[in-house]
Colleague: 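Questions regarding the structure given below will be posed in turn.
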Amino acid sequence: MEHQPPPWSVSGSSQSPRSPSSQPYLHVSVIDPVKLGNGVQAYISYRVITKTNLPEYHGPEKIVIRRYSDFVWLHECLFEKYKGIFIPPLPEKNAVEKFRFTAEFIEMRRLALDIFLNRVASHHKLRQSEDLRTFLQVDEAVMERLRAHETGIFKKPVELMQIFKDVQSKVSNVVLGKEKPVEESNSEYEKLKHYVFELENHLAEAQKHAYRLVKRHRELGKSLSDFGKAMKLLGSCEGDSLGRAFSELGAKSDLVSVRLQKEAQQLLMNFEEPLKDYVLAVQSIKATIAERANAFRQHCELSETVKLKEINLEKLKLIHSDKMREAEDEYKEVKEASEKATRRYETMVRLMKEEIIQFQEHKTLDMGVAFHNFADGQARLANNMADGWRGLLAKLEA
Amino acid sequence: MMGAENKGHDHEEAHLYASKEEMESLVLDKHPLSGNSNGNSNFFSSYRSAMSSSLPDSHHPLSPSAASAITTDSDPLLSPPPYPELHGPSSHDNSYIKPPNYADFIFTPFDGEDNKGLESPSPSSANSPTSFSRSSSSNSEYIRITVSNPQKEQETTNSIVPGGNTYFTYLITTRTNIPEFGAAEFSVRRRFRDVVTLSDRLAESYRGFFIPPRPDKNVVESQVMQKQEFVEQRRVALEKYLRRLSEHPMIKKSDELKVFLQIQGKLPLPTSTDVASRMLDGAVKLPKQLLGDGTVVPHEVVQPAKGGRDLLRLFKELKQSMVNDWSGSRPPVVEEDKEFLEKKDKMHDLEQQLSSSSQQAESLVKAQQDMGETMGELGLAFIKLTKFENEEAVFNSQRARALDMKNFATAAVKASRFYRELNLHTVKHLDTLHGYLGLMLSVHSAFTDRSSALLTVQTLLTELASLQMRSEKLEAASSKVFGGDKTRIRKMEELKETMRVTEDAKSVAIREYERIKENNRTELERLDKERHTDFLSMLKGFVASQVGYAEKIANVWGRVAEETSGYVKESI
């Protein structure tokens, strides 16, 4: 089994080595990315390993092959069936990057998918999902059929995302009071919505700068390397000791440059990715907010309809109409639907309350790790550089 | 050396802690940053402008001398932490540059003794790199030139255009203990035209020497740039130029420079070589009378033909150079000095490498600058997040996160500041490359002086040879006529006279050529020696500042890493 680097998400670990094997456990991991296909059709397949003692699963260990669109399928199923829960975000589709399948990109995606799956597997509600079991166990042929079939209903993932976004924006218009609202008048919830929207903006900006910082590391590395080369050449014009000094400088610049490039990659993986993940998580919350608004609207509308039907029924009862039976059936139907809608809405409210608490706690942990990794990386980089240059300085002063 | 280094580090440590209060001075003022985006963008743009310019006069809201230290010991979970407040741009401090002073002290232990050259690295008083690293020769000679106080003045002579021409003059102040100047401190007002004159006169008097190139006339820029900016740019360039002149061992003692620096009123140097170049004539001496010196100093100068208005001479020398280039025959005297030719090639190589190094140095400086900027922007983004989370906090997890963000952001801003300070040092040190690249121009003209002097010699020799031939022909012809021919005899006498004069000129020209050769040689030696010293200082300085700032940055992040280490242990 391939060595996996520790995920940058603390909240995404279904592994808990301390739990004795008698306790129910569900361990998942995504490994072994392999590029398949050619050109436009190229894609990456991953191995998904499940280790469990849960009875719903066929056996203690199962390995299946999955691709990104399978994960998207799972994500959509969960989103449909678990309203009120913030579904863990998937890494972005990013069709352009696909053509530049660098080793780093592949690894980052694998890691992100691993974290996604682990978060699902460790969520007390989501882990019970039947779709999850399907995802973890069926063979590829079945998966492919499912993917195609569901794709029919949900349409292609890209378009689905677009629909989500449309719904999102439509609802956010409603939610933000741009259209005539059928809205909850709950100040605490208002505050939350405002917080979520603002937070996304702030985080997006931070992520932008984090990405730029990665680039700066690369640029500094490159210019230092070029500088070193030029100095070496300059040194060859000078004689003996000075020439040596220049060439030492050139050599050292090269080393430092390499170190900078390494740090750039580390920064990308351990800081920029978590920040991106944070942004995506917030977007997931926004999607849930939109769903809740829908649920609320349904609940309101159906409640209204029930009242109307009731009044109508009463009228019909009074005049002993033969339409009464029909009306009564209808009324019962609508009442049931309304109760369902109300229950759905109330469940969502309840779930969201819990989810928010979890979200905040997880994010504090995740960011704490991210900050630590950033600081640790920068400190190590700076120390390496200081040591390198110091050695050179000693030589120069000699 | 090791001792000095250690002491330097201790010193730095002490300074680091002493100025910790100064450094931890991020204070978010509620007022300008409160909710509205206007406040945000204003603040952001002023910070941006501070970030993007490295000049000390920019407003810098994160000035280290602002505000107080943060108490970090309050339990963040019990009460919202007192988050840092950032002073608005109004409390900027022009002494943004101050912190590097102690760094400067530490990072230049090798030239610490030469205090007269050492001063804080403010770009406004652009120090020539050479004055930094080399103590000026073994004796305690000292000359310090400052250019300041540009003033607009009216052209008085040109009465054709009413309201006339305006030009700027600059106050040039000299402090020196060199006895030849006769005073310790004096000032004059000069305009740029005077500097051009000075430079031209020096070029004539000091042929073969590596004379620092004067600042460009910048005709286009003077029209296009803002007046103030242009004048300031010119002032800086003038100062640099005059300082370089005053460091050249021969030029600092020159009459031309003395006159320029001391004589009040109109500059008494001839503005053009109106000394019409005589036909291969010879010596022109600088009017020493001006300086009260009655005697003529044997400072013979043979003016290059190109400078003068001697068309005939120009023609002859041109003909000679063509003969040199195109005919198969070797000219009578050639550049034989192998050592010189080798040196020349070396100079050519050096120039190429200097040029590319200079370019790469610029890129490096830019990359360092960008790094600092982006790091700062990242820090700022998190400061905003901190404020946001604190304001909107419902859960303690949010408050804890806000605290983490604050620490992170503080460190990022500090690191950003360090990068930018480092860059100031880097600029200062790598400026040596630019300086020597500029000097290559003077090397070129010194070599050109040599080759034109050689050409003069060759021309004269050719001339002599042809005169000789004519004289022989004439003699042969006249010997056939018995008793001689009056006209022929007269001609022969004239010819003999011309030959004598030409012979004299030839001697002068050869002497001049040898003189220039010797000047070239001594200058090359001087250049090599000084370049060695300067480059070594540059390397040491560059590396030392890299070490110093890397250590500081490591410290800052090390602390954050420690503070957040709990998170990593938890996750395992």
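So you know, we letter chains A, B, ... as the sequences are listed, proteins then strands, and number each from 1.
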Colleague: Is there a side-chain contact between Lys384(B) and Glu205(A), using heavy atoms and a 4.5 Å cut-off?
Modeller: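 Touching, per the 4.5 Å side-chain cut-off.
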Colleague: Identify the heavy atoms of Gly368(A) and Thr564(B) that sit nearest to each other, and give their distance.
Modeller: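 Closest approach of Gly368(A) to Thr564(B), heavy atoms only: O-CB, 4.0 Å.
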Colleague: How close do Val394(B) and Lys191(A) get, heavy atom to heavy atom, and via which atoms?
Modeller: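 It is CG2-NZ, 4.2 Å.
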Colleague: Give the minimum heavy-atom separation between Ala381(B) and Ala206(A), together with the two atoms involved.
Modeller: CB-CA, 4.0 Å
Colleague: Short question: side chain of Thr364(A), backbone of Ser397(B) - any donor-acceptor pair under 3.5 Å?
Modeller: yes
Colleague: So do Met385(A) and Val547(B) actually touch side chain to side chain, heavy atoms under 4.5 Å?
Modeller: no
Colleague: Roughly how far, to the nearest 0.5 Å, is CD of Gln368(B) from CG of Leu220(A)?
Modeller: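 So the CG of Leu220(A) and the CD of Gln368(B) are separated by 6.0 Å.
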Colleague: Do the rings of Phe542(B) and Trp389(A) sit parallel, tilted or perpendicular, given the 30° and 60° boundaries?
Modeller: perpendicular
Colleague: With respect to chain A, which residue among Leu385(B), Asp404(B), Leu539(B), Asp528(B) yields the maximal number of heavy-atom pairs within a distance under 4.5 Å?
Modeller: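 Winner by heavy-atom pair count: Leu539(B).
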Colleague: Under 4.5 Å, counting heavy-atom pairs only, tell me which of Leu354(B), Leu350(B), Leu378(B) racks up the most with chain A.
Modeller: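 So the answer, after comparing Leu354(B), Leu350(B), Leu378(B), is Leu378(B).
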Colleague: Give, as side chain, backbone, both or neither, the part of Phe246(A) having an atom under 4.5 angstrom from any heavy atom of chain B.
Modeller: both
Colleague: Any side-chain donor-acceptor pair under 3.5 Å between Arg212(A) and Thr374(B)?
Modeller: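 Per modelled atom types, Arg212(A) and Thr374(B) side chains form no pair under 3.5 Å.
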Colleague: Heavy-atom pairs under 4.5 Å with chain A are the metric here; pick the option from Gln359(B), Met405(B), Glu563(B) that has the most.
Modeller: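 The answer is Met405(B).
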Colleague: Within the 4.5 Å heavy-atom criterion, are Arg216(A) and Glu373(B) side-chain neighbours or not?
Modeller: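 Not in contact.
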Colleague: Is Met538(B) in contact with chain A via its backbone, its side chain, both, or neither, using a 4.5 Å heavy-atom distance?
Modeller: side chain
Colleague: Can you tell which part of Glu198(A) gets under 4.5 Å to a heavy atom of chain B, answering side chain, backbone, both or neither?
Modeller: both
Colleague: Within the 4.5 Å heavy-atom criterion, are Gln360(B) and Lys229(A) side-chain neighbours or not?
Modeller: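 Heavy-atom side-chain distance check fails, nothing below 4.5 Å.
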Colleague: For the NE2 atom on His532(B), are there more than 12 heavy atoms of other groups (residues, nucleotides or ligands in this structure) within a distance under 6.0 Å?
Modeller: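 Counting neighbours around NE2 of His532(B), more than 12 heavy atoms of other residues, nucleotides or ligands fall under 6.0 Å, so yes.
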Colleague: Dump the intermediate steps for side-chain contact (heavy atoms from CB on, under 4.5 Å) on Met375(B) and Gln378(A), then the final yes or no.
Modeller: CA-CA 11 Å; Met375(B) 182 71 82; Gln378(A) 290 290 304; 3.6 Å; yes
Colleague: How many angstroms lie between CD1 in Ile357(A) and CD in Gln398(B), if you round to the nearest 0.5 Å?
Modeller: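 Reported value, rounded in 0.5 Å steps: 10.5 Å.
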Colleague: Please name the pair of heavy atoms, one in Gly558(B) and one in Ala379(A), separated by the smallest distance, quoted to 0.1 Å.
Modeller: N-CB, 3.8 Å
Colleague: Look at Val256(A), Ile356(A), Asp376(A), Leu199(A) and state which one has the largest set of heavy-atom pairs under 4.5 Å with chain B.
Modeller: Leu199(A)
Colleague: Taking Glu377(B) first and then Lys208(A), would you say they form a salt bridge - that is, a charged N and a carboxylate O separated by under 4.0 Å?
Modeller: no
Colleague: Side chain, backbone, both or neither: which part of Leu224(A) has a heavy atom under 4.5 Å from chain B?
Modeller: both
Colleague: In terms of heavy-atom proximity below 4.5 Å to chain B, should Leu192(A) be classed as side chain, backbone, both, or neither?
Modeller: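 Neither part.
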Colleague: Could you give the distance from CE (Met231(A)) to CZ (Phe535(B)), rounded to the nearest 0.5 Å?
Modeller: 7.5 Å
Colleague: For Ala561(B) versus Ala375(A), what's the shortest heavy-atom pair and its separation?
Modeller: N-CB, 3.5 Å
Colleague: Should His372(A) and Ser565(B) count as side-chain neighbours, where that means a heavy-atom distance under 4.5 Å?
Modeller: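 In short, these two side chains touch, coming nearer than 4.5 Å.
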Colleague: Can you find a heavy atom in the side chain of Lys252(A) that is under 4.5 Å from one in the side chain of Gln546(B)?
Modeller: no
Colleague: For the atom pair CG (Asn407(B)) and CZ (Phe371(A)), what is the distance rounded to the nearest 0.5 Å?
Modeller: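 Reported value, rounded in 0.5 Å steps: 9.5 Å.
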Colleague: Could you measure the distance from the CE atom of Met371(B) to the CG atom of Leu213(A)? Nearest 0.5 Å is fine.
Modeller: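 Met371(B) atom CE to Leu213(A) atom CG measures 6.0 Å (nearest 0.5 Å).
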Colleague: Quick one, Glu219(A) with Lys366(B), criterion side-chain contact (heavy atoms from CB on, under 4.5 Å). Give me CA distance, side-chain angles, the key distance, then yes/no.
Modeller: CA-CA 10 Å; Glu219(A) 286 161 6; Lys366(B) 174 155 197 310; over 6 Å; no
Colleague: Drop me the distance from Glu389(B)'s CD to Met367(A)'s CE, to the nearest 0.5 angstrom.
Modeller: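 With rounding to 0.5 Å, CD (Glu389(B)) is 10.0 Å from CE (Met367(A)).
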Colleague: Does anything in residues 233-251 of chain A form a salt bridge (charged side-chain N to carboxylate O under 4.0 Å, His left out)? List the pairs, not counting sequence neighbours.
Modeller: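 Applying salt bridge (charged side-chain N to carboxylate O under 4.0 Å, His left out) to every pair that reaches into residues 233-251 of chain A, excluding sequence neighbours, yields Glu238(A)-Arg531(B), Glu248(A)-Lys395(A).
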Colleague: Looking at Arg259(A), I'd like to know if its CZ atom is crowded, meaning that more than 12 non-hydrogen atoms belonging to other residues, nucleotides or ligands lie closer than 6.0 Å.
Modeller: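 Yes - once you tally the heavy atoms of other residues, nucleotides and ligands closer than 6.0 Å, there are more than 12.
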